[in-house]
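Below: one structure, written as C-alpha cells.
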Amino acid sequence: MCLGDVVLLEAGNFVPADCRIIKSNNLKAEESSLTGETVPVDKDENKIFAEKTSLGDISNMVFATTVIVNGHAEAVVTETGMNTKVGKIAKMIINNETPETPIQKKLAEVGKTLGLACLGICLFIFCIGLLKHISPIEMFMTSVGLAVAAIPEGLPAIVTIVLSIGVTKMAKKNSIIRKLPAVETLGSSTVICSDKTGTLTQNKMKVTNIVTPIDTYILNNLKINLNSELIVDNANQRLAIELATLCTDAEITYENGNATARGDPTEIAILNAVQQIGKNKKILNSEFERINDIPFDSTRKMMTTIHRTPYGYRIITKGAPDVLLKRCSKYFEKNKILSMNISNMKSIENQNNKMAEKALRVIAVAYKDVDTLPMKIESNYIEKDLIFVGLIGMIDPPREGVKEAIATCKKAGIKTVMITGDHITTANAIANELGILENGDLSITGSDLDKIPDDLFQKNIKNYSVFARVTPEHKVRIVNAFQKAGEVVAMTGDGVNDAPALKKADIGIAMGLNGTDVAKSAADMVLTDDNFVTIVEAVKYGRTIFNNIKKAIHFLISTNVGEIVTIFLGLVIGMKSPLIAIQLLWINLITDSLPAIALGLEKSDKNIMNEKPRSPNKSLFADGLWARILLEGGMIGILNLFAFTVGKNLYSLEVGRTMAFVSLGLLELVHCFNIRTDESIFKFGLLQNKYLCLAFIGGTILQVVVVVVPQFASIFKLTALTLRQWMYTIGISLMPIAIMELQKLSDELKFGKRIHKETKMSQLRTG
Ligand code: ATP
C-alpha cells in the first residue's frame with residue numbers, strides 16, 4: 001500500500017492506513033483502538049475540522065486499524081506503516097513476547113520439579129561423597145554431571161519446534177493458526193458450530209425459481225435442477241428479478257470475453273439470472289440511477305437501495321421473506337397493486353416454506369415509489385409500507401466431502417452444529433442431507449431461542465443441532481450454553497458482529513475468503529478456503545501434534561531418567577561415575593534431541609479420529625505415563641550401567657566409560673522406536689517416519705565418529721574399542737527392543753483376555 005492509493009472500504013473492513021475520505025455513504029467507524037471510545041463515530045468527506053481538533057473529531061479521515069462498522073467509502077491513503085497515528089503509538093510500546101501455550105506452561109512446571117529433584121539428588125550424592133571421603137572437586141564434577149543428566153535442556157525448544165512445524169504444515173492445508181494455544185485446544189474440541197453458507201455449502205448459488213403471487217401453480221410441482229435453465233415467463237417474474245438486480249452491490253465485469261464476478265454470491269446469482277431476460281445491472285442502473293442505500297446486515301437480514309425515477313424515487317428492498325413480509329402492506333400482481341391481507345400473507349409464507357423444504361435459499365423482493373425521501377435514510381423510516389413482488393429461490397449445494405467429514409466428527413466424539421441466518425426449513429433440509437440432524441436432534445430459530453430462559457437452554461443445549469435465523473448475538477449465547485455444559489467449542493464466523501462469539505469460543509475460526517478483517521482478528525484460526533472439511537482436518541492435526549509432543553516428552557524424560565539412574569546407581573553402589581558431564585551434554589543434545597524432534601513429526605495415527613476428544617483438564621502425564629517414564633528410564637539406566645560394569649570390570653575404567661557412552665546413545669536411539677506406538681514395532685512398521693530413520697542413522701554415525709576419530713575421542717575423554725567391545729555394546733543397546741516387545745505382548749494378552757471376559761459377560765447378560 002502506497003501514499004495516494006485509493007482504498008474501497010465497507011462494513012467489516014479494517015482501515016489499512018490513515019486515509020482521507022473522498023466519497024462515502026452512511027459511513028461509521030469504530031475507533032476504540034485509537035481513542036478508547038467504543039461508540040462508532042460518523043464519518044463524512046464534507047465535514048471540515050479546525051486545525052487543532054482532537055483525533056476523535058476528525059470526521060473526514062479514517063485511521064489505520066480502526067474498523068468500518070457501517071456504510072461504504074472511497075478514501076485516499078495519506079500515511080502508512082509506522083507513520084500512521086497507530087504506528088506512532090505502536091513505536092512507543094513495541095513488545096515481542098509470544099504467549100506460552102498450555103503445554104509449554106505445564107512443561108515449565110515439570111522443568112521446575114525436575115530441577116528441584118535434581119538439587120535434592122545432588123545434595124544427597126554430595127553427602128554420600130563426603131561420608132566416603134571423596135574429594136570435593138570430584139564430587140562437584142559428579143554433581144554437574146547429574147544436573148546435566150536430569151535437566152531436559154532440549155524440551156522447551158523441541159516443543160516449540162514441533163508446534164511451529166505443525167502450524168506451518170497446517171497453513172499449507174488451508175488452516176492458519178493465529179494463536180499457538182489453539183493447536184492444543186483443537187484436539188480437545190467436542191463441538192464444532194459451523195456457519196452453513198459457504199462453509200457447509202459451496203456458496204455458489206444459482207437461481208432456480210422465481211415465484212410471484214400469480215405463480216402458485218409452480219409450487220405443486222416445484223422442480224429444482226441445477227443444470228436446467230431458469231424459466232422467467234411472465235412480467236411479474238421479470239419485475240422481481242429486475243428489482244432484485246438493482247438492489248445489489250455485486251458486480252460482473254467482462255474482459256476479453258471473460259466474466260469476473262465480485263461480491264456476495266447471493267447477489268451474483270441474481271445478476272446471472274437477470275441476464276436470461278436480456279438485461280444486466282448496467283442497463284437497469286442507467287434507467288434507475290442509484291442515489292443511496294442501506295447496506296445488508298445479517299441482523300436486519302435486509303438490504304435497501306434508493307433510485308431516482310422520472311417521477312420521484314423508487315425504494316427497493318430485498319431480504320429474508322419472513323422479515324421483509326412484515327414490512328409489506330401491499331403486493332404486486334398482474335400490473336396491479338393490491339392490499340395485503342392475512343390470507344395473502346399466509347399464501348406467500350406457504351410458498352416460502354415449500355421452496356425452503358427443497359433446501360432453497362429464498363430472498364423476497366419488494367419496492368415502493370415515493371415523491372420525496374424521508375429526512376433520515378434509516379431502516380425504520382425507509383423499509384416500511386412496501387409492495388411485495390416475489391420470492392427468488394436459489395440452490396446452494398453442499399460442499400464436497402462435508403458429509404463424510406461430519407460422519408468422521410461423529411466417530412471422533414465431536415458434535416457438529418449448524419448455525420445459519422437462513423430459514424429453518426432450508427437449514428433442516430440441508431442438515432438432514434448432511435447427517436447433522438439425526439436420531440431426535442432438534443432445530444430451533446433465533447426468535448424461539450429468545451423465549452427460552454438461560455438455565456433451561458443450558459440444560460437442553462446438547463439436543464440442538466441446528467440454529468436457524470439466528471443473529472450473531474445468538475452465537476454468543478450458544479457458545480456460552482455449550483461451554484457451561486462442559487463442552488469445548490469451536491465456532492466459525494465471518495461478519496463484524498461474529499467477533500464476540502469468536503472470542504468467546506474455545507477456538508474461534510474465521511473465514512479467510514469471505515470473512516471480514518474484524519472476524520479474522522478475533523479468531524484463533526483462519527480458514528483460507530472457508531471449508532468445513534478443513535476444520536475437521538485441523539482437529540485431526542491438532543490431535544496429532546498433541547500426541548507427537550507427548551511422545552517427544554515421553555522420550556526425552558524417560559531417557560533423562562535413564563541418565564540419572566546410571567549416575568546415581570553407579571555412585572551409590574560404590575563405582576566411579578559411569579559418564580562425565582561433557583559426555584552427557586553430547587548425548588542430550590545429539591541422541592536425545594534429534595529423535596525427539598523426529599517423534600514430533602510422526603504422521604497421524606490411523607485411529608486418531610476414532611478416539612474421543614482429550615479432556616483439556618487431563619494431565620499431560622495421565623494414563624500411567626509417569627509410571628512408564630520411570631520404568632523405561634530405569635531400564636535404560638540399568639542396561640547402561642551393565643555396559644559400564646562389563647567394560648570396567650573386564651577391561652578398564654576408560655573402556656567402561658566409552659562403552660557406557662556409546663551404549664547410552666544407542667539405547668536412546670533404539671528406544672525412540674518403542675515410543676512411536678503401543679503396538680509391536682514390527683507390526684506397526686519401522687520405516688514410515690523418515691525423519692526418525694534419519695535421526696537414528698545420523699545419531700549412530702555421530703556416536704561412532706566421536707569414538708573412532710582420535711581428536712574427538714580426546715575431547716570427550718573416550719578410548720578406542722575393540723571389535724568384541726563394540727559387539728558387547730551393540731548387543732546391550734538392542735535389548736530395550738526385546739524387553740519392550742515382551743511388555744507390549746503381555747499388555748496385548750491382558751487386553752485380549754479382558755475383552756474376551758467382557759464379551760462373555762455381555763453374552764451371559766443377554767442370555
Ligand atoms: P450463514 O452464513 O450464517 O450460514 P447466511 O449467510 O444464510 O447464514 P445471512 O447472510 O445472515 O445468513 O442471511 C440471512 C438471510 O438474509 C438469508 O436467508 C437471506 O434470506 C437474506 N439475505 C442474505 N443475503 C442477502 C443479501 N445480499 N441481500 C438481501 N438479503 C439477503
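When a ligand or atom number is given, it counts from 1 through the structure's own listing order.
L513 approaches D530 most closely through the heavy-atom pair N-OD1, 2.9 Å. Annotation for G542 and L186: closest pair CA-CB, 4.2 Å, computed over non-hydrogen atoms.
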Could you pull out every donor-acceptor pair under 3.5 Å between side chains of residues 485-493 and any protein atom, sequence neighbours left out?
residue: E487; atom: OE1; partner: T190; partner atom: OG1; Å: 2.6
residue: E487; atom: OE2; partner: K462; partner atom: NZ; Å: 3.1
residue: T492; atom: OG1; partner: D195; partner atom: N; Å: 2.8

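The closest non-hydrogen atom to atom 29 (C) of ligand 1, taken over K318, M418, K475, comes from K318. Closest heavy-atom approach to atom 5 (P) of ligand 1 within the set N514, I430, I270, T197: this belongs to T197. Between G319, A364, P295, it is G319 that holds the heavy atom closest to atom 30 (N) of ligand 1. Closest heavy-atom approach to atom 7 (O) of ligand 1 among the candidates M302, K196, R361: R361.
Taking every non-hydrogen atom of I419 and a distance limit under 4.0 Å, the qualifying atoms of ligand 1 come out as 3 (O), 4 (O). Each of the atoms 11 (O) of ligand 1 lies under 4.0 Å from some heavy atom of S298. Below 4.0 Å from some heavy atom of I363 lie the following atoms of ligand 1, by number and element: 19 (C), 20 (O), 21 (C), 22 (N), 30 (N), 31 (C). Close approach of ligand 1 to A320 is summarised as follows: ligand atoms under 4.0 Å from at least one heavy atom of the residue are 20 (O), 21 (C). Interface of E267 with ligand 1, defined as ligand atoms under 4.0 Å from a residue heavy atom, comprises 27 (N).
The nearest heavy-atom contact from the protein to atom 8 (O) of ligand 1 is G421 N, 3.1 Å. In this structure, atom 25 (C) of ligand 1 lies nearest to the protein heavy atom F296 CE1, 3.5 Å. The shortest contact between atom 20 (O) of ligand 1 and any protein heavy atom is with V362 O, 3.0 Å. Considering only non-hydrogen protein atoms, atom 18 (O) of ligand 1 sits nearest to D422 OD1, 2.7 Å. Annotation: atom 27 (N) of ligand 1 to nearest protein heavy atom, D264 OD2, 3.0 Å.
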Open item on the list: If you apply the rule side chain to side chain contact (heavy atoms under 4.5 Å, CB included), what do you find for N272 with V207, and how did you get there?
Closed with: CA-CA 8 Å; N272 283 326; V207 175; over 6 Å; no
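Other residues, nucleotides and ligands contribute at most 12 non-hydrogen atoms within 6.0 Å of the NZ atom of K503.
No hydrogens or angles considered: nothing links the side chains of N174 and T534 as a donor-acceptor pair under 3.5 Å.
In this structure a side-chain-to-backbone donor-acceptor pair under 3.5 Å is present from D524 to G508.
With respect to the salt-bridge test (charged N to carboxylate O, under 4.0 angstrom), the residues D385 and K368 do not qualify.
Classified by interplanar angle (parallel below 30°, tilted 30° to 60°, perpendicular above 60°), the ring pair Y367/F332 is perpendicular.
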